[in-house]
Chemist: 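Dumping the structure here so I can ask a few things about it.
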Amino acid sequence: MIIKIACLQLDIAFGNPAENEQRVEKEIEKIAKDRPDIIVLPELWTTGYDLTRLDEIADEGGARTKAFIQKLAKTHHVNIVAGSVAKKTANGVTNTMYVADRNGAIVGEYSKLHLFQLMNEHLYLQSGEKMGLFTLENTQCAGVICYDIRFPEWVRAHMVQGAEVLFVVAEWPLPRLSHWRTLLAARAIENQCYVIACNRAGSDPNNVFAGHSLVIDPWGEIVVEASEQPCTLTAQIDLAKVNEVRKQIPIFADRRIADYIAAEKNLQKSVDKPFHNHV
């Protein structure tokens, strides 16, 4: 199956959801003329990293965002992996991804598990708890957010449940661009999946962002890569390649789960064992 992807590498208006919604709607209307199957948005595209004002500008229960992407998905008959937004809940604010299918139904919701302390996420956001699995175009997919890609065990947990495409949405800073490219390629290679990574462009009062959205195939080869500037990155992916690669090198069949569990138990015993200095 061939799927056409469009990543909207946006510059985000800091702390201005209304302005960002206008930008997204304009870009989706433009790209929809080319009939993509899936449109992807970056992380925190409604607010950017205006974390200190989240009580004021976060989306209550995600209702506004869900209604917005449902309307666009249905109007343009396109699947939307809607990056992530600040979602206000009774227990605090989460960094939450929503996914809408062509009919406007919400088919996926995932809140960022790993909070990035270097950008003070742990001070203003609550960690999610559930996995980011969803189905689009009859294909099992997974979604993670930015810092999550530094935790390969979390990505693998999704892949062993059959995911063939990994969507990564981010606000990844320019100084660590090399990490972004390397980590994404590693996740593609070790999981033999397509990686669709949509980063933001531009800057905010504290950061300059890397752009360089990427589509990477199951061999870890870059299909297409953006520059640092705002743009729409498009690519076609052939899902048959996932099965071809997984048959050629059967890493999922060769996993040694019992040995991994035993190793973790032994590690835990060593951690729990008191440490004594010997003079």
Chemist: Check the hydrophobic clustering (I, L, V, M, F, W, Y; side-chain heavy atoms under 4.5 Å; chains of links allowed) and say if M1 and V78 are grouped together.
Modeler: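 No.
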Chemist: Listed by chain and number, what are the ring-ring contact (aromatic ring centres under 6.0 Å, His included) partners of Y147, not counting sequence neighbours?
Modeler: F116, F151
Chemist: Sequence neighbours left out, what passes side chain to side chain contact (heavy atoms under 4.5 Å, CB included) with A6? Give chain and number order.
Modeler: I31, P36, I39, T232, T234
Chemist: For N103, is there any backbone N or O sitting under 3.5 Å from a side-chain donor or acceptor partner on D101?
Modeler: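 Yes: the side chain of D101 pairs with the backbone of N103.
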Chemist: Could you walk me through whether S213 and Q9 pass the side-chain hydrogen bond (donor to acceptor under 3.5 Å, both in side chains) check?
Modeler: CA-CA 7 Å; S213 296; Q9 183 171 287; 2.8 Å; yes
Chemist: Using the salt bridge (charged side-chain N to carboxylate O under 4.0 Å, His left out) rule, collect all pairs that involve residues 35-47, keeping only residues at least two apart or in two chains.
Modeler: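 Checked against salt bridge (charged side-chain N to carboxylate O under 4.0 Å, His left out) - neighbours excluded - the pairs reaching residues 35-47 are D37-R102, E43-K112.
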Chemist: Tell me, please, which residues at least two apart from D55 pass side chain to side chain contact (heavy atoms under 4.5 Å, CB included).
Modeler: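 Residues passing side chain to side chain contact (heavy atoms under 4.5 Å, CB included) with D55: none at all.
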Chemist: For the side chain of S178 and the backbone of R176, is there at least one donor-acceptor N/O pair under 3.5 Å apart?
Modeler: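 The answer is no, because no donor-acceptor pair under 3.5 Å joins these two groups.
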Chemist: Tell me every residue that passes side chain to side chain contact (heavy atoms under 4.5 Å, CB included) with T52, counting only those two or more places apart in sequence or in another chain.
Modeler: D50, Y124
Chemist: Any salt bridge (charged side-chain N to carboxylate O under 4.0 Å, His left out) involving residues 62-80? Give me the pairs, sequence neighbours left out, ordered by first then second residue.
Modeler: E21-R64, E25-K71
Chemist: Output every pair passing side-chain hydrogen bond (donor to acceptor under 3.5 Å, both in side chains) with a member in residues 239-252, not counting sequence neighbours, ordered by first then second residue.
Modeler: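 Every side-chain hydrogen bond (donor to acceptor under 3.5 Å, both in side chains) pair that includes a residue of residues 239-252, provided the two are not neighbours, is D217-K241.
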Chemist: When you check the gap from the basic side-chain N to the acidic O, do R156 and E153 get nearer than 4.0 Å?
Modeler: no
Chemist: Grouping I, L, V, M, F, W and Y whenever their side-chain heavy atoms are under 4.5 Å apart, do V85 and V93 come out in a common cluster?
Modeler: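 No, separate clusters.
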Chemist: Show every ring-ring contact (aromatic ring centres under 6.0 Å, His included) that has at least one partner inside residues 195-221, sequence neighbours left out.
Modeler: none
Chemist: Quick one: which residue pairs count as a salt bridge (charged side-chain N to carboxylate O under 4.0 Å, His left out) with a foot in residues 188-216, not counting sequence neighbours?
Modeler: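 Pairs touching residues 188-216 that pass the test: D11-R200, E171-R200, R187-E190.
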Chemist: Could you check whether any side-chain N or O of Q70 sits under 3.5 Å from a backbone N or O of G104, counting only pairs where one atom can act as donor and the other as acceptor?
Modeler: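 Yes; at least one donor-acceptor contact below 3.5 Å.
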Chemist: Please confirm whether the backbone N or O of N16 pairs with a side-chain atom of N20, one donor and one acceptor, at under 3.5 Å?
Modeler: yes
Chemist: Output yes when R23 and E19 qualify as a salt bridge under the 4.0 Å nitrogen-oxygen rule, no when they do not.
Modeler: yes
Chemist: Could you tell me whether the side chain of T89 and the main chain of G92 form a donor-acceptor pair under 3.5 Å?
Modeler: yes
Chemist: Do V24 and F14 share a hydrophobic cluster, counting only Ile, Leu, Val, Met, Phe, Trp and Tyr and linking them when any side-chain heavy atoms are less than 4.5 Å apart?
Modeler: no
Chemist: Under the side chain to side chain contact (heavy atoms under 4.5 Å, CB included) rule, collect the residues that match up with L133, sequence neighbours excluded.
Modeler: M131, Q140, A142, H158, Q161, A163
Chemist: Can T96 and S84 be said to form a side-chain hydrogen bond (donor to acceptor under 3.5 Å, both in side chains), step by step?
Modeler: CA-CA 5 Å; T96 301; S84 72; over 6 Å; no
Chemist: Keeping the roles fixed (side chain from D59, backbone from T65), state whether a donor-acceptor pair exists under 3.5 Å.
Modeler: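 Flag set: sc D59 to bb T65 pair under 3.5 Å.
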Chemist: Hydrophobic clusters here meaning ILVMFWY residues chained together by side-chain heavy-atom distances under 4.5 Å, can you tell me if L41 and I5 are in one?
Modeler: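 Cluster IDs for L41 and I5 differ.
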Chemist: I need the full list of salt bridge (charged side-chain N to carboxylate O under 4.0 Å, His left out) pairs touching residues 221-237, with sequence neighbours left out, sorted by first then second residue.
Modeler: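 Found R181-E225.
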Chemist: Any chance you could measure I196, atom CD1, to I38, atom CD1, to the nearest 0.5 Å?
Modeler: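 Interatomic distance, I196 CD1 to I38 CD1, rounded to 0.5 Å: 7.5 Å.
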Chemist: Donor-acceptor pair, N199 side chain versus W172 backbone, under 3.5 Å?
Modeler: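 Looks like yes, one N/O pair under 3.5 Å.
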Chemist: Does atom CG (D259) have a neighbourhood of more than 12 heavy atoms from anything else shown, all under 6.0 Å?
Modeler: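 For D259, atom CG is crowded (more than 12 foreign heavy atoms under 6.0 Å).
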Chemist: Which pairs pass ring-ring contact (aromatic ring centres under 6.0 Å, His included) with one or both residues in residues 44-99, sequence neighbours excluded?
Modeler: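 Residue pairs with at least one partner in residues 44-99: W45-F68.
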Chemist: Is the backbone N or O of I2 less than 3.5 Å from a side-chain atom of D238, with the two atoms forming a donor-acceptor pair by type?
Modeler: no
